[in-house]
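Index from 1, following the sequence. Predicted model only: the values in this text are computed from it and were never measured. Quick note: numbers below take in every heavy atom, side chains included, and nothing from hydrogens, waters or symmetry partners.
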Amino acid sequence: MENNNDSRYTDLVDRSTGEVITVPTGYVYNQGDYSIVHKKQSIHQIKWRENGNNQFTFAIQDNVKELLVTEKVTLTSLGALLVLLPYLDTDGFLKKMAGAKDKPMLTRAEIISLLKVSSENFKKILSCLKVSELISVEGTKGNQIFKVNSRFHLRGKLPAGLDKIVRIQNRGIVTAFNGGNVKLDQLGFLYMLIPYLPYNNCRLVKDVNGSDDVENALSITELADNLGLTVKTVEKYLKFKIEYKFKDGLYRVPMAISFNAYGEKNKKSILVNPVFYRRNMDVTGEIMFGNLDIYFKNASKKV
C-alpha cells in the first residue's frame, strides 16, 4: 500500500487481481490487512465517485438575468428548479444519478417526492417552469421525462465563448432543502441573486463587469427594487440559516449576510455564502469554515 501526497486518499492493492485502486482513506475496510472489497462491489466507492463528479451545475448568468426580467416565474418554481439541478446530467435530462453510468430518468412521482409537494402544487410549479422555458417535458403522458433548458443551466463541458458562469454548488442546495428548515420560496429568492454575483467574491454588485468598490456594491434597497420585492421581504429571506458540514466541523450558517459596504454606514450590502454559489473557477471543492469571510464567522455557531 502506498500513500498519495494527499493524505485523504490511499493507494491499495487488490491481492486477487494485482490491481491498484485509489480510494478515500475513510473507505478502506481493513487497512491492517491492506485489502478492500473489489471496487465494482464497493458501494461506498461508487457513491464517492458519483458525488465527486456531481459537485456543481452551471448557470449562464446573462440568460438567467434576462429571464428574470422578462418572465414572471414564482419564487417557489425557481426554488424547485434549484432542488432539481443536482440531478441534471450532461445531456440536459434529469436523472437519478447524474454523473454515473446507466442513469435512469427521474419520474414525475420521484420529482414530486424530491420537492416535498403535492401533485396539485407540482402541476403549478411545472406549468410555470414550462411557460418560462426553463424545463420541457418529453416522452408520453404515462412516461414523462424532464429536460432543463441549456440556455440557462447545464452540466459538463462549457460551450466556447461563455464567460459569465455561476457554479451552483449542489451540496449546499441539497443540504439546505433536505435539512427541513428551508422552503422552496426561500431557495427561489436565492436563485434570483445569480445575476448579481461578481467573479472574485460573493458580494452582490450592480454590474458584474464593474469595479470592486462602494459605488458598484448592491444595497438591500437596490436589490429589492431590482427583484420587485419590498425591503422587508428581502431582509426576511436573508435571515434563513442552514446546518452545513464543513471540512473542519458542523456549523449553523446564514444564507447571506448584510453589512456596511466598504465601511459606509448608510449602505447595507450583501454577501452570499459560498456553499451555494461561486464564479471563480480557481476556488473548487469543499471549503473550510475557517476560510469563510469574517462576517459569516461572527454570525455562525458550531453545532
Side-chain angles (χ1 to χ4, degrees), residues 55-61 63-65 67-69 71-88 114-117 125 128-129 132 134-135 148 152-153 164-198 201-205 208 218-220 222-244 251-259 268-279 283 287 292-293 295-296 299-300:
Q55 291 182 358
F56 55 84
T57 53
F58 293 112
I60 302 173
Q61 203 170 28
N63 294 347
V64 169
K65 183 177 182 178
L67 170 82
L68 295 178
V69 170
E71 299 288 341
K72 296 293 184 181
V73 190
T74 65
L75 289 177
T76 297
S77 297
L78 292 174
L81 178 62
L82 270 187
V83 172
L84 294 176
L85 284 179
Y87 301 90
L88 175 64
L114 283 170
L115 297 180
K116 306 176 188 177
V117 296
I125 290 170
C128 188
L129 294 176
S132 59
L134 279 162
I135 282 183
V148 176
F152 306 107
H153 298 283
K164 295 180 185 175
I165 301 297
V166 173
R167 285 182 297 153
I168 300 173
Q169 301 295 127
N170 291 338
R171 183 167 167 246
I173 302 300
V174 171
T175 298
F177 190 60
N178 289 345
N181 64 325
V182 176
K183 308 301 182 185
L184 288 177
D185 64 306
Q186 293 173 303
L187 290 178
F189 173 80
L190 182 65
Y191 185 97
M192 296 182 79
L193 305 183
I194 289 174
Y196 307 103
L197 289 162
N201 56 61
C202 292
R203 297 188 181 195
L204 300 188
V205 295
V208 296
L218 188 68
S219 70
I220 290 180
E222 291 163 335
L223 177 63
D225 289 341
N226 288 354
L227 301 183
L229 302 173
T230 66
V231 170
K232 187 175 181 179
T233 299
V234 170
E235 290 176 337
K236 178 191 73 173
Y237 280 125
L238 288 174
K239 289 180 179 178
F240 83 74
K241 294 185 177 183
I242 66 168
E243 289 186 3
Y244 191 86
Y251 289 84
R252 185 166 177 80
V253 295
M255 181 273 284
I257 290 289
S258 63
F259 62 98
K268 290 285 187 181
S269 194
I270 302 158
L271 182 67
V272 179
N273 197 318
V275 303
F276 296 115
Y277 295 142
R278 299 174 211 169
R279 278 193 65 199
V283 182
I287 59 177
L292 288 181
D293 192 285
Y295 293 110
F296 281 109
S300 302

Item checked: L85 CG to Q169 CD distance, which is reported to the nearest 0.5 Å -> 12.5 Å

Checklist line | Considering all heavy atoms, the nearest Y295-I257 contact | finding: CB-CG2, 3.7 Å

Next item on the list: Give the C-alpha distance, both sets of side-chain angles, the deciding distance and a yes or no for side chain to side chain contact (heavy atoms under 4.5 Å, CB included) between R279 and Q61.
Entry: CA-CA 10 Å; R279 278 193 65 199; Q61 203 170 28; 3.5 Å; yes

Next item on the list: May I ask you to test the N273-C202 pair for a side-chain heavy-atom distance under 4.5 Å?
Entry: no

Note to self: Tell me whether the NZ or CZ atom of K183 lies within the 45° cone about the ring axis of F240 and under 6.0 Å from its centre.
What the structure shows: no

Margin query: Taking atom NZ as the centre, does K65 end up with more than 12 heavy-atom neighbours from other residues, nucleotides or ligands that are less than 6.0 angstrom away?
Written below: no

Item checked: From CD1 (I168) to CG (L88), nearest 0.5 Å -> 9.5 Å

Next item on the list: May I have the step-by-step check of side chain to side chain contact (heavy atoms under 4.5 Å, CB included) for I270 and L218, ending in yes or no?
Entry: CA-CA 7 Å; I270 302 158; L218 188 68; 5.8 Å; no

Next item on the list: Kindly give the heavy-atom pair with the smallest separation between P254 and F296, and that separation in Å.
Entry: O-CE2, 3.6 Å

Notebook entry, point to check: Taking side chain as C-beta onward, heavy atoms only, is L78 less than 4.5 Å from L187?
Noted result: no

Checklist line | Nearest non-hydrogen partners of L184 and V83, listed with the distance | finding: CD2-CG2, 3.8 Å

Margin query: If you apply the rule side chain to side chain contact (heavy atoms under 4.5 Å, CB included), what do you find for R203 with D293, and how did you get there?
Written below: CA-CA 11 Å; R203 297 188 181 195; D293 192 285; 4.0 Å; yes

Next item on the list: Side-chain contact test, heavy atoms from C-beta onward, threshold under 4.5 Å: evaluate it for L68 versus N226 and give yes or no.
Entry: no

Note to self: Before you tell me yes or no, could you show the steps for F58 and H153 under side chain to side chain contact (heavy atoms under 4.5 Å, CB included), namely the whole-Å CA-CA distance, both residues' side-chain angles and the distance that decides it to 0.1 Å?
What the structure shows: CA-CA 5 Å; F58 293 112; H153 298 283; over 6 Å; no

Checklist line | Gap between atom CD of E71 and atom CG of L134 - 0.5 Å precision | finding: 8.5 Å

Next item on the list: Kindly compute the distance separating CD1 (I194) from CG (L82), expressed to the nearest 0.5 Å.
Entry: 6.0 Å

Check: Do you know which two heavy atoms are closest between F177 and K116, and how far apart they sit?
Finding: O-NZ, 3.0 Å

Note to self: To the nearest 0.5 Å, what is the distance between CD on Q186 and CG on N181?
What the structure shows: 7.5 Å

Notebook entry, point to check: Okay, side chain of Y277, backbone of L190: is any donor-acceptor separation there less than 3.5 Å?
Noted result: yes

Checklist line | Heavy-atom pair of closest approach, residues I220 and S258 | finding: CD1-CB, 3.7 Å

Next item on the list: Looking only at non-hydrogen atoms, find the nearest pair between Y196 and V208 and report the distance.
Entry: C-CG1, 4.1 Å

Check: Out of curiosity, L84 CG to I173 CD1, how far, rounded to the nearest 0.5 Å?
Finding: 11.5 Å

Note to self: Is the shortest side-chain heavy-atom distance between M255 and L238 below 4.5 Å?
What the structure shows: yes

Note to self: Less than 4.5 Å apart, side chain to side chain, heavy atoms only: is that true for R278 and I287?
What the structure shows: yes

Checklist line | Geometric class of the F189/Y237 ring pair [parallel <30°, tilted 30-60°, perpendicular >60°] | finding: parallel

